[in-house]
Amino acid sequence: MTGLPDADGRTGVTGLTGAPRVRIAPSPTGPLHIGTARTALFNYLFARHTGGTFILRLEDTDQARSSIAYEKDILDGLHWLGLHWDEGPEVAGARARGPHAPYRQMERLPSYAAAAERLRAADLVYPCYCTPELLDADRKAQEAAKQPPGYVGWCASLTPAQQAEREAQGRRGALRFRVGEGVVAFDDIVRGHVEIDVSNLGGDFAIVRADGLPLYHFTVVVDDAAMEITHVIRGEDHLSNTPKHILLFRALGYPVPQFAHLPLILNPDRSKMSKRKSQTAVSDYVDQGFVPEALINYLALLGWATGTEEEILSLDEIAERFDLHAVHKGGAIFDRKRLEWLNGQWIRRLAAEDLIDRLRPFVQAELDAGRIDWMPSDDELRSLLPVVQERLPTLGAVGDLAGFLWVHEVPVEAATLIPKRWDLATTQAGLAAAREIIEAIGDVAFEAEELEPPLRALAESRGWKPGDLFMAIRVAVTGRTATPPLFDTLVALGRERTLRRLDRARELLDTLGAGPG
RNA sequence: GCCGCAUUCGUCUAGAGGCCCAGGACACCGCCCUCUCAAGGCGGAGAUCACCGGUUCGAAUCCGGUAUGCGGUACCA
């Protein structure tokens with residue numbers, strides 16, 4: 001096996017001078033989050049722009065919250081976005097490939113144990129037997145005294161004999177890292193120079209739990225070193241944790257990578273984007289019919305700009321232009337309206353066959369939900385594209401836009417059937433006359449160019465505004481006041497169904513006329 | 001509380017001392033196109049560049065302070 005890297009106690013700082021190696025390290029404790037996707041994107045862009053390597057590593061040491069279902073959601077989402085990684089697990093649950101495998105932390109336990117042992121041998125770490133209750137009481141006391149909370153160090157100077165005594169009682173200690181004193185400084189690629197005094201770190205922090213499972217701050221350092229990560233590109237929420245990581249890199253004798261902390265994506269109230277206040281799951285955007293091109297394009301421009309006025313850019317075009325130094329420092333509110341606009345832009349750019357392929361699952365979903373009665377053929381969809389493509393804000397809008405074509409009967413409200421400027425009698429007359437004209441046009445000639453002139457002529461001869469006549473017909477055959485262009489709609493519906501729906505609408509009007517009032 | 005980070009139109013942003021009494025885009029409003037809805041075109045409104053002081057002939061851009069916001073402060077990641 002390839003585990004136990006650095007068990008030889010390597011201490012020489014070799015430096016990280018080769019091609020860049022970056023990683024995205026999500027925890028499978030929830031569905032793929034927009035923020036994680038953005039971090040993944042920026043790592044990917046940096047790797048592609050610099051000819052570096054992009055790695056996926058799963059941080060699953062929080063066994064209580066991690067699950068294979070979430071792992072699958074994360075991998076699926078990243079694949080959907082087109083953010084392909086060079087090393088890491090391709091399929092949820094499956095073994096990963098790559099020179100530093102495995103890429104799941106629960107499969108890398110021996111390496112953390114070895115690293116912890118090295119720190120223990122150097123007395124840079126010590127077992128702490130404090131109970132959660134004691135820790136909690138300490139914290140409360142500190143809060144009450146307006147003191148910064150932190151580990152007070154009860155177990156920092158236990159003698160080997162005292163430790164042995166506790167172990168003999170069957171107590172297992174967590175491992176705490178001695179933070180020492182001084183100031184940790186680093187030059188963040190996006191934030192610039194940052195300095196934090198070690199006294200603000202909250203005391204000696206735990207790197208291994210009492211049950212033996214390693215903790216985040218520890219695993220991230222051991223793995224980043226083992227995987228030879230050169231640039232740690234992550235969310236700003238980790239900025240304050242960075243000194244802890246640097247201390248560990250040094251203690252372990254590893255070269256310290258470069259850091260780049262990305263601005264946060266915000267809720268409308270400017271707090272960190274959260275499930276409570278925003279739609280954060282990438283899968284929800286997929287389900288609603290956003291195309292990956294648009295989400296990528298949107299996310300890339302959230303916290304970064306090309307410096308030009310280019311706005312619609314593909315993943316490859318963005319990678320060509322990407323520069324980590326140009327990333328913003330301030331957080332950015334997630335603006336769904338702008339995402340929708342971008343989505344429309346990308347949908348309009350799709351080739352016909354591609355659009356049909358992407359639309360099909362959404363039409364199928366309409367069928368599954370019982371909102372339509374049958375599946376249209378690809379030919380049918382293809383003939384609809386000229387009038388539908390520019391009207392789709394999302395793929396999911398297809399049912400709303402054209403669903404009336406694939407149902408046996410369309411619900412029509414009598415009230416909307418009568419155009420604003422018309423009354424009942426005019427509408428009845430209009431639909432009756434229109435019906436005759438439409439019926440007179442044979443199946444063969446049932447084309448938009450054949451339908452429009454005679455209907456327009458009818459309106460003129462009666463002194464009606466064409467728009468009113470067309471609106472009456474529109475509502476009669478679709479049940480709605482907003483649809484694709486009328487004549488294309490009639491053609492898509494076909495002569496028979498158009499006539500049938502006109503008849504039904506006229507019957508509806510007749511019952512209205514016969515009713516009270 | 002402590003530590004850290006941030007702050008240009010409602011939103012995303014351009015801007016790295018004079019080209020900016022601040023440009024683009026989304027959203028909004030109006031007009032055009034038009035059978036509705038979109039798309040598209042044109043135009044409009046919208047930012048005393050958080051505030052105060054300093055440096056400079058000149059500051060959105062440099063320095064200091066203040067305010068506000070956010071993040072972190074776990075045997076979560």
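Values below: all heavy atoms of this structure, side chains included; hydrogens, waters and symmetry mates excluded. Chain A is the first sequence line, chain B the second, and so forth, proteins listed ahead of strands; every chain is numbered from 1.
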Rounded distance (Å) that lies between atom C1' of B:A38 and atom CG of A:Leu384: 14 Å
Determine, for A:Asp188 against A:Lys329, whether the closest basic-nitrogen to carboxylate-oxygen distance falls under 4.0 angstrom. no
I want to check a possible cation-pi pair here: A:Arg474 against A:Phe470, using under 6.0 Å from ring centre and within 45° of the ring axis as the test. no
Roughly how many Å apart are B:A74 and B:C3, using the P atom of each and rounding to a whole number? 16 Å
Please measure how far the C1' atom in B:A16 lies from the corresponding atom in B:U11, and state the result in whole Å. 24 Å
Taking atom P in both B:G24 and B:A14, compute the distance separating them and give it to the nearest angstrom. 15 Å
Ignoring backbone atoms, establish whether A:Arg338 has a side-chain N or O less than 4.0 Å from OP1 or OP2 of B:A25. no
Given B:C5, B:C76, B:U11, identify the nucleotide with an atom nearest to the side chain of A:Leu239. B:C5
Please say whether the positively charged group of A:Arg176, taken as NZ for Lys or CZ for Arg, lies over the ring of A:Tyr151, i.e. under 6.0 angstrom from the six-membered ring centre and within 45 degrees of the axis. yes
So, OP1 or OP2 of B:C12: does either fall under 4.0 Å of a side-chain N or O from A:His328? no
Counting only side-chain nitrogens and oxygens, does A:Thr61 get under 4.0 Å of the OP1 or OP2 atom of B:A77? yes
Looking only at N and O atoms, is any donor in the side chain of A:Arg191 or the base of B:C5 less than 3.5 Å from an acceptor on the other one? no
Under a 4.0 Å threshold between the charged nitrogen and the carboxylate oxygen, would A:Arg358 count as salt-bridged to A:Glu293? yes
Side-chain donor/acceptor of A:Asp237 to base of B:A77, under 3.5 Å: no
Here the distance between atom P of B:C76 and atom CZ of A:Arg139, to the nearest Å, is 11 Å
With the threshold set at 4.0 Å, does a side-chain nitrogen-carboxylate oxygen contact exist between A:Glu311 and A:Arg338? yes
B:C75, OP1 or OP2 - any side-chain N/O from A:Arg176 closer than 4.0 Å? yes
What's the gap between B:C28 and B:C9 when it is taken at their C1' atoms, as a whole Å value? 12 Å
Distance, P atom - from B:C29 to B:A38, rounded to whole angstrom: 11 Å
Does the distance from a Lys or Arg side-chain N to an Asp or Glu carboxylate O, for A:Arg371 and A:Glu366, drop under 4.0 Å? yes
Under a 4.0 Å heavy-atom cutoff, the residues of residues 389-405 of chain A touching RNA chain B are A:Glu390, A:Arg391
Using the C1' atoms only, state how far B:G58 lies from B:A6, rounded to an integer number of Å. 28 Å
Does the gap between the ring centers of A:Tyr216 and A:His245 come in under 6.0 Å? yes
From B:C76, B:U13, B:U11, nucleotide with atom closest to A:Arg270 side chain: B:U11
Is there a side-chain contact between A:Gln105 and the phosphate of B:C76, meaning an N or O under 4.0 Å from OP1 or OP2? no
